[in-house]
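Comments concern the structure below.
Computed from heavy atoms alone, side chains included, the values below leave out hydrogens, waters and symmetry copies. Just follow the structure's listing: the first ligand is 1, and inside any ligand the first atom is 1. Starting from 1, each residue takes its place in the sequence as its number.
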Amino acid sequence: MAVDDSRSSTLETRTVVSGARPTGALHLGHLNGALKNWVELQKEFHCFFFVADWHALTTEYADVRDLRASTDEMLLDWLAVGIDPERSTLFRQSDIAAHAELFVMFSMTIPVPWLERVPTYKEQQEQLQGRDLSTYGFLGYPLLQAADILVYKGDRVPVGEDQLPHIELTREVARRFNRLYREVFPEPRGLVVNAARVPGTDGRKMSKSYGNAVNLRDDPQAVYDKLSRMMTDPRRVRRTDPGDPADCPAFRLHEIYCTEEEKAEVSVGCRSAGIGCLDCKKVMIRHVLAELEPIQARRRELAARPQTVREVLASGADTARAKAGATLAEAKTAMGL
Ligand code: TRP
Ligand code: SF4
């Protein structure tokens with residue numbers, strides 16, 4: 001996957017930082033949206049990838065039963081897809097106190113309106129009706145994210161497009177600190193890879209909460225069942241009705257998974273009603289299953305050794321703590337502490 005890396009940053013650091021809230025089992029949307037990119041990035045950069053469990057609390061504080069299990073599940077999936085703890089530092093946010101300390105220090109310098117005008121703030125409050133999101137922590141969400149990034153002097157942050165306002169805020173936070181005290185932090189940039197947008201089985205964006213996801217750990221039969229029922233071009237009511245791949249959610253998966261020849265062939269078949277939807281989908285399903293097979297084999301190995309996740313988190317925390325501690329010391333000195 002191509003990553004625009006042409007501009008260099010002020011401090012010439014080469015550190016990638018990204019986090020994800022613990023959502024439990026991951027699906028094809030995560031795999032094609034972020035994880036494949038992370039796997040590539042770790043070949044080029046030192047990467048810090050963490051489970052943002054404090055961030056999970058900003059919206060889920062009233063129901064924390066699944067938090068630990070979701071963290072472990074997500075980490076297992078990361079390892080299974082090839083995020084490599086030998087190359088990258090994998091850890092849990094709440095294990096590294098320095099994130100919280102830097103967050104407190106930043107909070108002294110950042111005007112509340114900067115946070116109120118981050119677009120996700122009001123959007124999320126409107127979307128997640130039924131819970132009280134007028135909390136201090138929820139308002140501070142992007143500032144904690146800034147601390148997550150800057151505590152490693154991260155300068156490249158792979159994120160989805162929706163996160164760009166948070167990266168912009170992070171840059172403003174770094175700039176303000178550097179101007180008020182002295183140059184400590186690089187201004188990071190978001191790396192938005194034109195990652196594939198994966199539709200779920202109902203044609204909407206693939207998401208756990210829509211119940212339309214194909215999970216990385218679904219067994220082959222479940223994957224087959226879900227994808228063979230996936231929404232297609234609604235014009236193909238009968239087998240004899242022609243369709244258009246451009247209007248077919250399932251074909252978005254062909255675009256990700258199939259060869260040029262396969263795509264050309266089923267497209268012709270679709271437009272001429274020469275191929276049925278199930279036969280068309282089978283061409284794509286074969287690739288999805290082939291991709292999932294080694295991931296699931298690795299996941300089985302990992303799950304058979306439950307101490308693996310704990311060991312990865314412990315050793316990742318050691319590495320992260322050392323780097324974060326050094327930055328924190330520098331920032332404290334700069335701030336007169
Ligand atoms: N807010 C990010 C999301 O919802 C998760 C996140 C928390 C993050 N801290 C981060 C991403 C630091 C990148 C860097 O996806
Ligand atoms: Fe979609 Fe294939 Fe059916 Fe055409 S034939 S509508 S591309 S599944």
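Using a cut-off of 4.0 Å between Lys/Arg side-chain N and Asp/Glu carboxylate O, Asp155 and Arg189 are scored as not salt-bridged. Taking 4.0 Å as the cut-off between side-chain N and carboxylate O, Lys281 and Asp279 do not count as a salt-bridged pair. Ion pairing between a basic and an acidic side chain is recognised when a charged N comes within 4.0 Å of a carboxylate O; Arg175 and Glu172 show no such pairing. Remark: Arg217 engages Glu73 in a salt bridge, criterion side-chain N to carboxylate O under 4.0 Å.
Using a 4.0 Å cut-off between heavy atoms, Gln163 contacts ligand 1 through its side chain alone, with no backbone atom that close.
Scanning all protein heavy atoms for the shortest distance to atom 7 (C) of ligand 1 gives His55 ND1, 3.3 Å. Closest to atom 5 (C) of ligand 1, if we only count protein heavy atoms, is Gly19 O, 3.5 Å. In this structure, the protein non-hydrogen atom closest to atom 10 (C) of ligand 1 is Gln145 CG, 3.4 Å.
Among protein atoms, those of element N, O or S found less than 2.8 Å away from atom 3 (Fe) of ligand 2 are Cys277 SG.
If you chain together hydrophobic residues whose side chains sit under 4.5 Å apart, Tyr136 and Val118 never meet in one group.
If you run side-chain contact (heavy atoms from CB on, under 4.5 Å) between His30 and each of Leu216, Asp77, Thr23, only Thr23 comes through. Under the side-chain contact (heavy atoms from CB on, under 4.5 Å) test applied with Cys47, the options Arg87, Arg156, Gln42 reduce to a single match, Gln42.
Geometric assessment of Arg204 against the ring of Tyr210 yields a positive cation-pi assignment under the 6.0 Å and 45° thresholds.
Of all atoms in ligand 1, listed by their number and element, those nearer than 4.0 Å to a heavy atom of Val157 are 13 (C), 14 (C). Listed by number with element, the atoms of ligand 1 under 4.0 Å from a non-hydrogen atom of Ile149 are 12 (C), 14 (C).
Where the criterion is an N or O separation shorter than 3.5 Å, residue side chain and backbone included, Asp148 meets it with respect to ligand 1. At least one N or O atom of Arg21 sits closer than 3.5 Å to an N or O atom of ligand 1.
Without hydrogens or angle criteria, Asn178 side chain to Val184 main chain gives a donor-acceptor distance under 3.5 Å.
Counting heavy atoms from C-beta outward, Pro245 and Glu255 have side chains that stay 4.5 Å or more apart.
Nearest-heavy-atom check against atom 1 (N) of ligand 1 across Trp54, Tyr141, Phe48 picks out Tyr141.
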